Amino acid sequence: MKKNNIITHNFFAFINRQKLINRWSLMHNRQNESVSQHSYQTAIIANALGLIDKEVFDLDTDANLASSIALYHDATEVLTGDMPTPVKYRSEAMRNAYCEAEKDAAEQLLSHLPEKLKPAYQNLLVPYENSREYQLVKFADKISALIKCIEETSSGNNDFLVAKKTTADILDNVSDKTVKYFLDNFINSFSLNLDELVE
């Protein structure tokens, strides 16, 4: 888009629309959660996992890169929408189709950036999947989902009971010591109310 001979790039206007997309759309929610809120929480957790890697286990992990990847890990949903997990993973064909839609959406988002910025954002929107930082984002994404389930079930919403058990079982079977450290030290506090937190 051109205005007064200046090209206006739409990338961040698209990213801003994450706040309009609600997650968990097939379930009753006591409190709606937008993709923007989820991305922020995932970034906080990914950063924490990166710091645990570095400070507790002396690994050469870039916590800031992990949190940056997490901020954009669902950015393509401004174009694809949020597909509920049971639908996305219902069949291999469905999963493959959604993966292709995500790739196309990432390319479309990147096309709305100035040329000199595209490579940097390419590394965030389509990160190197074998990197430790990307792996931590995947763990953080799952931990964020567990926190949502804990919050909903703690407020009496039984619609999230199965999702909570399924997500907790997945994380319990993760052998990663950093994930275990986070869960052992931090996850139980998410079921506490304010009075219990400040005691």
Side-chain angles (χ1 to χ4, degrees), residues 11-52 63-64 66-90 94-95 98-99 101-102 105-106 109 124-125 127 133-172 174 178-179 182-183 185-198:
F11 180 81
F12 293 106
F14 274 116
I15 297 300
N16 186 54
R17 298 181 73 82
Q18 289 183 118
K19 65 188 177 187
L20 304 177
I21 303 165
N22 285 330
R23 289 167 47 81
W24 307 93
S25 58
L26 294 182
M27 300 172 76
H28 169 68
N29 287 258
R30 289 284 177 97
Q31 183 172 338
N32 287 335
E33 177 187 64
S34 71
V35 170
S36 181
Q37 291 168 311
H38 167 68
S39 297
Y40 170 78
Q41 183 179 61
T42 303
I44 293 288
I45 297 166
N47 187 261
L49 295 176
L51 290 173
I52 292 166
N64 292 331
S67 57
S68 294
I69 293 170
L71 283 172
Y72 293 94
H73 81 285
D74 279 341
T76 56
E77 291 183 6
V78 299
L79 296 171
T80 66
D82 174 52
M83 182 175 286
T85 298
V87 178
K88 188 188 297 186
Y89 294 101
R90 183 171 183 169
M94 183 71 79
R95 176 63 183 147
Y98 191 74
C99 282
E102 285 181 314
L109 285 174
L124 298 177
L125 288 174
E133 290 79 10
Y134 177 80
Q135 182 184 39
L136 292 182
V137 171
K138 298 301 284 183
F139 290 141
D141 186 39
K142 193 61 70 177
I143 292 169
S144 175
L146 178 59
I147 291 168
K148 168 66 172 174
C149 293
I150 291 170
E151 290 174 338
E152 289 288 336
T153 56
S154 293
S155 67
N157 184 359
N158 292 335
D159 217 24
F160 278 78
L161 285 173
V162 173
K164 179 183 175 183
K165 183 182 185 316
T166 302
T167 308
D169 287 347
I170 291 169
L171 287 167
D172 284 343
V174 169
T178 292
V179 173
F182 185 94
L183 295 174
N185 284 278
F186 301 110
I187 202 68
N188 289 336
S189 62
F190 286 94
S191 61
L192 302 178
N193 62 39
L194 180 59
D195 290 329
E196 291 168 328
L197 284 171
V198 298

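Atom set for the values below is all heavy atoms of this structure, side chains included, hydrogens, waters and symmetry mates excluded. The shown structure was predicted, so the numbers you read here are calculated from the model rather than taken from an experiment. Index from 1, following the sequence.
- Taking CD of Gln18 as the start and OH of Tyr72 as the end, the distance is 8.5 Å to the nearest 0.5 Å.
- Heavy-atom neighbours of Phe11 CZ from other residues, nucleotides or ligands within 6.0 Å: above the threshold of 12.
- Asp159 places a side-chain N or O within 3.5 Å of a backbone atom of His28 that can act as its donor or acceptor partner.
- A distance of 6.0 Å separates CZ in Arg23 from CG in Asp74, rounded to the nearest 0.5 Å.
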Take Arg30 and Phe160 through the test side chain to side chain contact (heavy atoms under 4.5 Å, CB included) and record every step on the way to the result.
CA-CA 10 Å; Arg30 289 284 177 97; Phe160 278 78; over 6 Å; no
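- Side-chain contact check for Phe182 versus Phe139: every heavy-atom pair is 4.5 Å or farther apart.
- A side-chain donor from one of Asp141 and His38 sits under 3.5 Å from a side-chain acceptor of the other.
- Remark: Leu183 CG to Asp172 CG distance equals 7.5 Å, nearest 0.5 Å.
- Side-chain atoms of Ser68 come within 3.5 Å of backbone N or O of Asn64 as a donor-acceptor pair.
- Atom CZ of Arg17 sits about 14.5 Å away from atom CD of Glu77, to the nearest 0.5 Å.
- Ile150 places a side-chain heavy atom less than 4.5 Å from the side chain of Ile187.
- Asn32 has its side chain out of reach of Gln37: every pair of non-hydrogen atoms, C-beta onward, lies at least 4.5 Å apart.
- Screening Glu152, Glu151, Lys164, Gln31 against Asn157 for a side-chain hydrogen bond (donor to acceptor under 3.5 Å, both in side chains) leaves a single residue, Glu152.
- Looking at heavy atoms from C-beta onward, Glu133 lies out of side-chain contact with Pro127 at the 4.5 angstrom threshold.
- Between the OG1 atom in Thr76 and the OH atom in Tyr98 there is a gap of 5.5 Å [rounded to 0.5 Å].
- In this structure, Trp24 and Cys149 have side chains that are in contact, with non-hydrogen atoms separated by less than 4.5 Å.
- Phe14 and Leu109 make their closest contact through CB-CD2, 3.6 Å (heavy atoms, listed as atom of the first residue, atom of the second, distance).
- Rounding to the nearest 0.5 Å places CD1 of Ile69 at 13.0 Å from OG of Ser39.
- Between the Ser191 side chain and the Asn188 main chain, a donor and an acceptor come within less than 3.5 Å of each other.
- Closest heavy-atom contact between Leu125 and Ala75: CD2-CB, 3.6 Å.
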Return a table of donor-acceptor pairs under 3.5 angstrom between the side chains of residues 45-52 and protein atoms on other chains or two or more places apart.
unit_1: Asn47; atom_1: ND2; unit_2: Ala63; atom_2: O; d: 3.2

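- Ile21 has its side chain within reach of Val78: a pair of non-hydrogen atoms, C-beta onward, lies under 4.5 Å apart.
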